[in-house]
Amino acid sequence: MGANQQVAVRSPYRLDIMFMGAVVALVLVWGAFAAALGSDAPMRLQGYVAIVLASLAGATMVFGAQAGTLGVDRDAYSDGVIRYGVFMSTFWGIVGMLVGVVIAAQLAFPTLFSHPDFGFLNFGRLRPVHTSGVIFAFGGNVLIATSFYVVQRTCRAKLWGGLLPWFVFWGYNALIVMAALGYVTGITQGQEYAEPPWYLDIWLTIVWVAYLLVFLGTIRKRTAPHVYVANWFYLAFIVTVAMLHIVNNLQVPVDAFSSVSYPVFGGVQNALTQWWYGHNAVGFFLTAGFLGIMYYFVPKQAQRPVYSYQLSIVHFWALIFIYIWAGPHHLHYTALPQWAQTLGMTFSIILWMPSWGGMINGMMTLSGAWDKLRTDPVLRMLVASLAFYGMSTFEGPLMSVRAVNSLSHYTDWTIGHVHSGALGWVALVSFGALYCLAPWLWKRERLYSLKLVETHFWLSTVGILLYISSMWVSGIMQGLMWRDYNELGFLTYSFIETVKAMHPAYVVRLVGGLLFLSGAFVMAYNLWRTARGDVRDAERALYPDAPPAGNTTPGAPQPAAVPAE
């Protein structure tokens with residue numbers, strides 16, 4: 001390629017490079033000051049990590065620009081960043097689940113890693129690594145990758161923003177690395193699902209605004225006549241999470257190079273803000289975003305139209321308007337005013353209707369195609385995720401009722417409920433989407449092995465059932481023991497007696513987690529072999545009717561309301 005041609009390729013990205021270069025320079029400067037002037041050793045370590053990450057980003061930009069390959073994607077769609085997203089989703093999923101298994105083992109066997117030299121591996125420091133790892137690292141990368149894929153195909157337009165999608169992807173993953181290192185070295189805000197310190201909150205805001213601009217810009221330049229419903233769910237997830245993040249993380253830092261900050265709100269106002277954020281992080285990050293996945297990948301994999309497009313629109317608006325009010329049900333029997341507690345409980349119960357409407361819409365999409373579940377384990381995984389979505393969205397409103405909440409809250413029943421949604425709904429629909437994306441993105445005939453997908457499905461399903469059933473038993477037993485009084489009015493059981501009684505359930509949970517983690521390793525191997533182009537020819541006889549993972553032929557006839565290429 002001649003010099004003039006190289007300039008022609010690079011010139012559309014000149015402003016992008018200038019913006020990203022300015023951001024990299026600012027991060028380098030902040031990292032240098034933090035490394036030199038940080039108030040403690042963990043903060044100085046954060047400075048050094050920021051310098052390393054910014055230097056890597058800067059070197060990549062310089063060499064890529066000189067080679068004329070920076071951000072260049074000559075395909076019809078910008079799929080390069082999505083391929084990286086599939087890889088990072090799989091990687092972070094395994095890391096987050098592995099840490100989850102470790103802390104489950106610590107709860108079952110408390111002396112594990114109790115040596116002073118392993119202080120950074122104690123439960124208090126690893127627990128936010130697990131929650132952030134599976135929710136924001138694994139789930140967030142799945143959402144970014146699938147949203148970039150879906151918005152292009154349904155809008156029939158390439159991603160807007162030039163290099164901005166790459167900035168979103170790498171900026172988000174840099175945040176994850178910095179946050180995880182901070183947790184194990186003792187840097188945290190101490191707020192549920194909002195542990196990253198104030199300076200990472202600012203960084204995430206910049207990355208998230210760029211994400212919104214890419215998504216809106218792509219929709220704006222669409223050539224398709226309508227905005228497909230999956231994009232509405234993705235857009236609600238992006239916009240609402242930004243609002244939640246900014247309000248909940250209003251903090252005043254001690255100084256510019258200290259990880260310590262104090263929230264603007266205090267007392268009951270801080271608690272209400274935290275659980276307005278916490279529950280809606282579940283509602284919009286772990287529900288609305290993944291419903292966007294469901295509305296694209298289920299009809300695409302089943303090659304059937306959405307059962308009711310009208311119901312999907314009603315589902316969207318009802319969910320968006322109702323979910324935002326449900327957070328106060330986490331604060332029953334607290335100093336929060338009674339009317340606010342009742343408001344949260346009432347809207348949580350109303351959520352039954354839109355949640356089950358979406359679940360039924362996804363299930364009924366298989367009308368006339370239920371036989372595909374015998375031959376397509378990827379579709380089976382997607383449908384199983386809908387079943388768990390229906391179950392967890394029935395259980396959640398039930399647990400918000402004040403009388404039930406008095407037994408369930410602060411017990412392992414809540415842990416079981418959260419994981420029935422997180423493992424059964426979020427993880428399974430994510431696994432199904434990754435299995436769909438691998439052959440589509442790498443242009444393979446089909447997955448390497450559908451038999452391995454079946455193995456993964458059963459490992460995950462059995463693991464989930466062991467996990468949630470053990471936590472249901474443990475949680476209900478725990479709640480009943482806590483409220484049991486003798487004839488003199490004293491508590492019948494001490495706290496340590498409840499802990500001892502829960503030990504068998506904790507061991508069962510550990511086994512369930514190990515099964516689920518092993519399934520993730522099976523998936524990683526399967527996706528790697530698929531990307532290489534390998535196919536198990538012996539399986540063609542086992543799955544003779546199984547189509548390639550979705551209809552990916554551009555221009556192929558599509559039934560009404562099936563998301564088109």
Quiz item: Looking at residues at least two apart in the chain, or sitting in another chain, which of them share a ring pair (Phe, Tyr, Trp, His ring centres under 6.0 Å) with Phe109?
Solution: His503
Quiz item: Listed by chain and number, what are the ring pair (Phe, Tyr, Trp, His ring centres under 6.0 Å) partners of Phe148, not counting sequence neighbours?
Solution: Tyr211
Quiz item: Considering all heavy atoms of both residues, which atom of Met381 and which atom of Val453 are nearest to each other, and what is their separation?
Solution: CE-O, 4.3 Å
Exercise. List in chain and number order the residues that pass side chain to side chain donor-acceptor pair (under 3.5 Å) with Asn526, two or more places apart in sequence or in another chain; answer none if no residue qualifies.
Key: none
Practice problem: Please check if atom CH2 in Trp352 has more than 12 non-hydrogen atoms from other residues, nucleotides or ligands closer than 6.0 Å. | Solution: yes
Practice problem: Could you tell me which residues satisfy side chain to side chain donor-acceptor pair (under 3.5 Å) with Trp472, sequence neighbours excluded, listed by chain and number? | Solution: Glu395
Exercise. Kindly write out the residues that satisfy ring pair (Phe, Tyr, Trp, His ring centres under 6.0 Å) with Tyr467, not counting sequence neighbours, or none if the list is empty.
Key: His419
Quiz item: Does a sphere of radius 6.0 Å around CH2 in Trp370 hold more than 12 heavy atoms from other residues, nucleotides or ligands, not counting ones at 6.0 Å or beyond?
Solution: yes
Quiz item: Considering residues, nucleotides and ligands other than Phe321, do more than 12 of their heavy atoms fall under 6.0 Å from its CZ?
Solution: no
Practice problem: Please identify each residue that fulfils ring pair (Phe, Tyr, Trp, His ring centres under 6.0 Å) with Trp160, with sequence neighbours left out. | Solution: none
Quiz item: Do Leu379 and Phe297 come close enough that some side-chain heavy atom pair is under 4.5 Å?
Solution: no
Quiz item: Is there side-chain contact between Leu319 and Ser355, with at least one heavy-atom pair below 4.5 Å?
Solution: yes
Quiz item: How many angstroms lie between atom CZ of Phe237 and atom CD1 of Ile293, to the nearest 0.5 angstrom?
Solution: 9.0 Å
Taking only distance into account, with no hydrogens and no angle test, what donor-acceptor pairs under 3.5 Å do side-chain atoms of residues 505-523 form with protein atoms, sequence neighbours excluded?
{"residue": "Tyr506", "atom": "OH", "partner": "Asp412", "partner atom": "OD2", "Å": "2.9"}
{"residue": "Ser518", "atom": "OG", "partner": "Leu514", "partner atom": "O", "Å": "3.3"}
{"residue": "Ser518", "atom": "OG", "partner": "Leu515", "partner atom": "O", "Å": "2.6"}

Practice problem: Please assess Ser132 against Tyr183 for the test side-chain hydrogen bond (donor to acceptor under 3.5 Å, both in side chains), listing each intermediate value before the final yes or no. | Solution: CA-CA 10 Å; Ser132 294; Tyr183 298 155; 3.2 Å; yes
Quiz item: In terms of side-chain heavy atoms, does Trp92 have a donor or acceptor partner in Asn173 at a distance below 3.5 Å?
Solution: yes
Quiz item: Does a salt bridge link Asp79 with Arg153, judged by any charged N lying under 4.0 Å from a carboxylate O?
Solution: yes
Practice problem: Could you name each residue pair satisfying side-chain hydrogen bond (donor to acceptor under 3.5 Å, both in side chains) that touches residues 315-327, not counting sequence neighbours? | Solution: Tyr295-His315
Quiz item: Within 45° of the ring axis of Phe87 and under 6.0 Å from its six-membered ring centre, is that where the NZ or CZ of Arg83 lies?
Solution: no
Exercise. Please determine, by modelled atom types, if Thr205 and His245 share a side-chain donor-acceptor pair under 3.5 angstrom.
Key: yes
Quiz item: What pairs of residues pass the salt bridge (Lys or Arg N to Asp or Glu O under 4.0 Å) test when at least one of them lies in residues 305-326, not counting sequence neighbours?
Solution: none
Quiz item: Among Phe215, Tyr172, Tyr234, which one satisfies side chain to side chain contact (heavy atoms under 4.5 Å, CB included) with Ile144?
Solution: Tyr172
For residues 280-289, run the donor-acceptor check on the side chains, cut-off 3.5 Å, and write out each pair with its distance to 0.1 Å, sequence neighbours left out.
{"residue": "Asn280", "atom": "ND2", "partner": "Trp276", "partner atom": "O", "Å": "2.6"}
{"residue": "Asn280", "atom": "ND2", "partner": "Ile324", "partner atom": "O", "Å": "3.4"}
{"residue": "Thr287", "atom": "OG1", "partner": "Val282", "partner atom": "O", "Å": "3.0"}

Quiz item: salt bridge (Lys or Arg N to Asp or Glu O under 4.0 Å) with Arg222: which residues, sequence neighbours excluded?
Solution: none
Quiz prompt | Over 12 non-hydrogen atoms of neighbours within 6.0 angstrom of CH2 in Trp203 | solution = yes
Quiz item: side chain to side chain donor-acceptor pair (under 3.5 Å) with His456: which residues, sequence neighbours excluded?
Solution: Tyr435, Ser460
